[in-house]
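One-based numbering along the sequence shown. Side chains are part of it too, since the values below use all heavy atoms of this structure and drop only hydrogens, waters and symmetry mates. All ligand and atom numbering here is 1-based and tracks the order in the structure.
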Amino acid sequence: MISAYKFLVRPTVGQAQALGEMLRDHCSLYNGALQERRDAYRHVSRTSVKYGMQSAQLKEIRAFDPECQGRWSFSSQQATLRRLDKAFQAFFRRVRSGEAPGYPRFRGANRFDTVDFPKDGDGCRWDSTPHDPVTRVRLQGVGHVRVNQHRPVVGRVKTVGVKREGRRWFVVLTAEQERPEPLPATGSVVGIDLGTANFIADSNGGFVPNPRHGRIAAAKLEAAQQALSRFPRVRRDKRTGNHRRAVEKVAELHGKVRRQRLDHAHKTALALVREHDFIAHEDLRIRNMSRSVAPRTDPGTPGVFLPNGAAAKAGLNRSIMDAGWGVFLTILTSKAESAGRVVVAVDPRNTSRTCPECGHTAKENRPTQEKFHCRSCGRTAHADTVGAINVLRAGPVRREAHPA
Ligand SMILES: [Zn+2]
């Protein structure tokens, strides 16, 4: 099984400069190789230049230009040439099938953001200072760069990539795990209810709150996007300094929101997978289809209805996006798979209005968003906990397997 990892790296000022130069030189290598193919293609002989021919020239190019091209990893340069080759293969494939594709284009220095190292240990070394508590990645021509390794890498690192996003730098790894090591069985099963007030509620009465910082970052992102929208649409190289900074700000905040959401999802999923052999959750597709906007009563003033029109719906959608359930469930499923756990999606209909005690099902059982109060047997509980219990019971688990 191959897993991918992406970590923020913290280069020194000198290293950041070297990284920039590395991208620039790989970009010019890419464009130079593209130029060569272009010239050959336009020539009357319609010669086509192959990857092998260009790769064979690398040695000369490096020897001729030791200050620039000669500094970087041979393999990473091959990877860049291979990337160009892929673009050409796609181009010719589409020509052959009768389409009229655009000829592969030159890349501007701002549009060239990644350098790949096809093999760990060749021009790069993941965890180059293993005895130091700080993780580093060594990159040829750059040095040992600090890595913000927020989660462990499982398995053997196969490929290493360096990516620029706005002003930040990331290292992207792929690692191969020999075979997933199943976690020891715990004998525990759980149902989870995905909510907006809480990120999840579980069938044992536990809650995982929403990442609050996620909402703050989202608000900042919205403000930054508004600020950016005030600049006229102009070409990249015609932008003013303020305009460029506004673009960078948006990119940076986008990344931040995404990283925080992912981080929260990873942690939540890991905790669930460690504790339980079996996890049932609502099928989001069914749930989204059957959801409608219900009138909302003001909990402070009985009889007063809060607005529930388009704005409320947009707000709800906003927090749905914010909570990122889809992302979370994907992560949960993949973690469960490698740990030998079972995750099932169940039909969520009626899970919020059925009494777990007596089975009485009625809309009235849920007087408010948060409260469950059975009209038949009088049982009260948090509505999301009831939802989670019912989700668990809807899964293909025998009732007696559940301790409650
Ligand atoms: Zn009841």
Side-chain angles (χ1 to χ4, degrees), residues 185-210 268-269 271-273 275-306 308 312-313 315-316 319-320 323 325 328-329 332 336 341-404:
T186 61
S188 169
V189 297
V190 75
I192 54 172
D193 178 273
L194 303 161
T196 43
N198 283 294
F199 185 68
I200 60 174
D202 69 37
S203 51
N204 303 320
F207 296 95
V208 175
N210 264 315
T268 309
L272 283 169
V273 164
E275 279 175 43
H276 309 286
D277 295 342
F278 176 96
I279 302 155
H281 66 80
E282 305 150 86
D283 191 323
L284 286 183
R285 279 166 310 170
I286 301 176
R287 175 161 130 162
N288 289 344
M289 276 187 293
S290 57
R291 164 155 297 182
S292 61
V293 184
R296 299 191 308 159
T297 47
D298 189 337
T301 353
V304 173
F305 289 85
L306 295 171
N308 74 334
K313 184 111 166 65
L316 180 66
S319 41
I320 288 171
W325 297 323
F328 165 70
L329 291 178
L332 177 67
R341 307 298 208 208
V342 179
V343 171
V344 293
V346 306
D347 187 339
R349 274 170 288 187
N350 289 332
T351 50
S352 64
R353 42 178 95 157
T354 303
C355 175
E357 201 67 41
C358 68
H360 177 63
T361 303
K363 209 165 125 193
E364 291 71 35
N365 283 352
R366 193 171 181 174
T368 68
Q369 184 69 22
E370 292 207 344
K371 229 167 86 184
F372 183 91
H373 186 187
C374 180
R375 295 290 143 186
S376 172
C377 74
R379 159 135 179 180
T380 57
H382 194 291
D384 293 342
T385 305
V386 168
I389 292 170
N390 287 323
V391 162
L392 175 60
R393 290 191 180 167
V397 171
R398 280 163 298 144
R399 233 161 228 251
E400 56 266 35
H402 183 55

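Interatomic distance, CG of L392 versus OG1 of T351, reported as 12.0 Å (0.5 Å rounding). Separation of atoms OG1 (T385) and CD1 (I192) is listed at 13.0 Å; rounding is to 0.5 Å.
Atoms SG of C377 and SG of C374, as seen from the Zn ion (ligand 1), are separated by an angle of 110°, to the nearest 10°. Here the Zn ion (ligand 1) is the vertex; the SG atom in C355 and the SG atom in C358 give an angle of 110° (to 10°).
Here H360 fails the criterion, with no N, O or S atom under 2.8 Å of the Zn ion (ligand 1).
The two residues A388 and G191 have their closest heavy-atom pair at CB-O, 3.4 Å.
No side-chain donor-acceptor contact under 3.5 Å links D277 to the backbone of V189.
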